[in-house]
Amino acid sequence: MNELWQNITSNQGLELAAAGIVLVFAVLILVSLCISVLPKLLAWAGPLLDRKDADLPDDALEAELAAVAAAMHAHLNRTGK
Amino acid sequence: MEMLLKFYETTGFASMNGQSAIMIVIGLVFLFLAIRLKYEPLLLVPIGLGMILGNIPYPADGPALGSDDVGSVFHYIYQGVKLGIYPPLIFLGIGAMTDFSSMIANPKLILLGAAAQIGIFATLIGSLFLGFEIHQAASIAIIGGADGPTAIFLSSMMAPEIMSQVAIAAYSYMSLVPIIQPPIMKLLTSPEERKIHMPPSREVSRRELIIFPIACVLITVLIVPATMPLLGMLFLGNLLKESMVTERLANTARNAMIDIVTILLGFAVGVSTHGENFLTPASLKIFFLGVGAFMLATACGVLFAKFFNLFLKEKINPLLGAAGVSAVPQSARVVQKVGQEADPQNFLLMHAMAPNVAGVIGSAIAAGVLLAVLGGAPVMEPDMDPPAPVVTEQALDTATEQP
């Protein structure tokens, strides 16, 4: 029995277990706090993060422009102009 | 006739021994559990058939066939497990399919995911008490996290000689969640506690969903860098999903990629189980400690929820604590089922998803802490790998004497 207990103490098993539990709780409490303040932070920073639609790349518009350019290219090739 | 006899000597029948036969039977049992009883079929089918193939005897002087034979296809598939490649890829897929909104909506439930990890560290002490070397003890303890990829990742880094036992135990107990957890949950809670209703969660904005993986990866990885392979990939997958600008990548990660990696991971784990190092008293101890870890984790989650209620005005249903083990979504489903048995109008599933996904993060952090403090096993070039050592009582005894 002593030898088995020795295996725990010589490997600092109790210290490792205690430190591990504390660290897991600490990190997850930090994550929890971060999530808790997120809505308030977003309410404050919301106007800064908002961008007008005109500032954003419009994939649909880009696709339409590419299609028009391709059609024009094909037409010009066909007519030889 | 001589030719036929010579051919017979190359067949599996000629060199079949008792250990191989038992392992093949265990593989068949896994297939039965998966196909007939539908216990974790996505994992147990590849593991079961891999176990059968890994234990078919073949002549040592023949072509390279087994996972230990450099040059065989199984050897290279197994490297994904041995080098810790598959688990982070699985985490990428999990991230791309996980909805963290229930956790973001109710951040206090994250602590239940932390409480369930107490089972891991209690089992670490138990494993040391049973004579395991510290790295092996850490690998066994992580079974309590009920997270297969994390268990494989940690044991491949810290104690590859017992990785197959740890992986089989972790996945077996994950499939037995509906059997192991309910008695503990009922034992530790009163019918009144099980009837506690939870208010509906608030709606979570898209911005919160996008910022969450970025903030969370920074917090977790800065504090415990050893979690980077697992949590980095988990939150990358989640960012692919929530950012809404990489839908194709998210789809691939949560469908095709995770399916491919699951097949390879399960098969590699199965094919690496060999009778001579699997059928040992040490394996029995590992399975015993594994189920203990799992039960302790469940109990710690439930008890912490009850303790937490002492300080809360709006009580939480203590059954949610059982979902702190990271078997997603099985343990959340068990919470829903046990809650509804007490009150058919009680719907706890979405609330239970919060500690459930927090448990995934918590068990990865626990693995990272163990890896950071204890360090991994020495890394070797794949082609220089010696055959997997045989784990015997004697080997374990000598291992404990090493510094």
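Numbered from 1 within each chain, the chains take letters A, B, ... in sequence-line order. Keep in mind that the numbers below use all heavy atoms, side chains included, and drop hydrogens, waters and symmetry copies.
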- prompt: Under a 4.5 Å heavy-atom cut-off, does chain B meet the side chain of L28(A), its backbone, both or neither?
  reply: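 Both backbone and side chain of L28(A) come within 4.5 Å of chain B.
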
Given heavy-atom pairs under 4.5 angstrom as the criterion, report whether the side chain, backbone, both or neither of [X] touches chain A.
{"X": "A137(B)", "answer": "neither"}
{"X": "A358(B)", "answer": "backbone"}
{"X": "S363(B)", "answer": "neither"}
{"X": "L374(B)", "answer": "side chain"}
{"X": "I223(B)", "answer": "side chain"}
{"X": "L370(B)", "answer": "side chain"}
{"X": "L111(B)", "answer": "both"}
{"X": "V224(B)", "answer": "side chain"}

query: Can you list the steps and then say if L23(A) with I365(B) is a side-chain contact (heavy atoms from CB on, under 4.5 Å)?
result: CA-CA 8 Å; L23(A) 274 167; I365(B) 294 169; 5.6 Å; no

Pairwise distance [atom1]([X]) to [atom2]([Y]) - rounded to 0.5 angstrom:
{"X": "C216(B)", "Y": "L30(A)", "atom1": "SG", "atom2": "CG", "value": "9.5 Å"}
{"X": "I8(A)", "Y": "L128(B)", "atom1": "CD1", "atom2": "CG", "value": "6.0 Å"}
{"X": "I125(B)", "Y": "N11(A)", "atom1": "CD1", "atom2": "CG", "value": "11.5 Å"}

- prompt: Is the CE atom of M295(B) crowded by more than 12 outside heavy atoms at less than 6.0 Å?
  reply: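 At most 12 heavy atoms, drawn from other residues, nucleotides or ligands, come within 6.0 Å of this atom.
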
field: Within 6.0 angstrom of R248(B) CZ, more than 12 heavy atoms from elsewhere
entry: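 Counting neighbours around CZ of R248(B), 12 or fewer heavy atoms of other residues, nucleotides or ligands fall under 6.0 Å, so no.
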
field: Winner by heavy-atom pair count (cut-off under 4.5 Å) against chain B, out of L41(A), L38(A), L33(A)
entry: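 Of L41(A), L38(A), L33(A), L38(A) has the most heavy-atom pairs under 4.5 Å with chain B.
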
Can you check whether [X] reaches [Y] side chain to side chain, under 4.5 Å on heavy atoms?
{"X": "I361(B)", "Y": "V31(A)", "result": "no"}
{"X": "R202(B)", "Y": "P39(A)", "result": "yes"}
{"X": "I35(A)", "Y": "I110(B)", "result": "yes"}

query: Between F25(A) and F304(B), how do the two ring planes meet: parallel, tilted or perpendicular, split at 30° and 60°?
result: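 Tilted.
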
- request: Grab the two heavy atoms, one from A215(B) and one from C34(A), that are nearest each other, plus how far apart they are.
  value: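 Nearest pair, atom of A215(B) first, then C34(A): CB-SG, 3.8 Å.
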
query: Among I118(B), I120(B), N106(B), L109(B), which has the most heavy-atom pairs under 4.5 Å with chain A?
result: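 Among I118(B), I120(B), N106(B), L109(B), the one with the most close pairs to chain A is I118(B).
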
message: With chain A as the partner, which of V369(B), I219(B), V373(B) has the greatest number of non-hydrogen pairs under 4.5 Å?
response: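 It is I219(B).
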
- request: Report the C-alpha distance between F129(B) and N7(A) in whole Å, list the side-chain angles of each, state the deciding distance to 0.1 Å, and finish with yes or no for side-chain contact (heavy atoms from CB on, under 4.5 Å).
  value: CA-CA 6 Å; F129(B) 187 75; N7(A) 196 28; over 6 Å; no

Verdict with supporting geometry, L42(A) and E208(B), side-chain contact (heavy atoms from CB on, under 4.5 Å): CA-CA 8 Å; L42(A) 282 175; E208(B) 284 177 271; 3.5 Å; yes

Criterion side-chain contact (heavy atoms from CB on, under 4.5 Å) on L16(A) and F121(B), from CA distance to verdict: CA-CA 8 Å; L16(A) 177 60; F121(B) 295 101; 5.6 Å; no

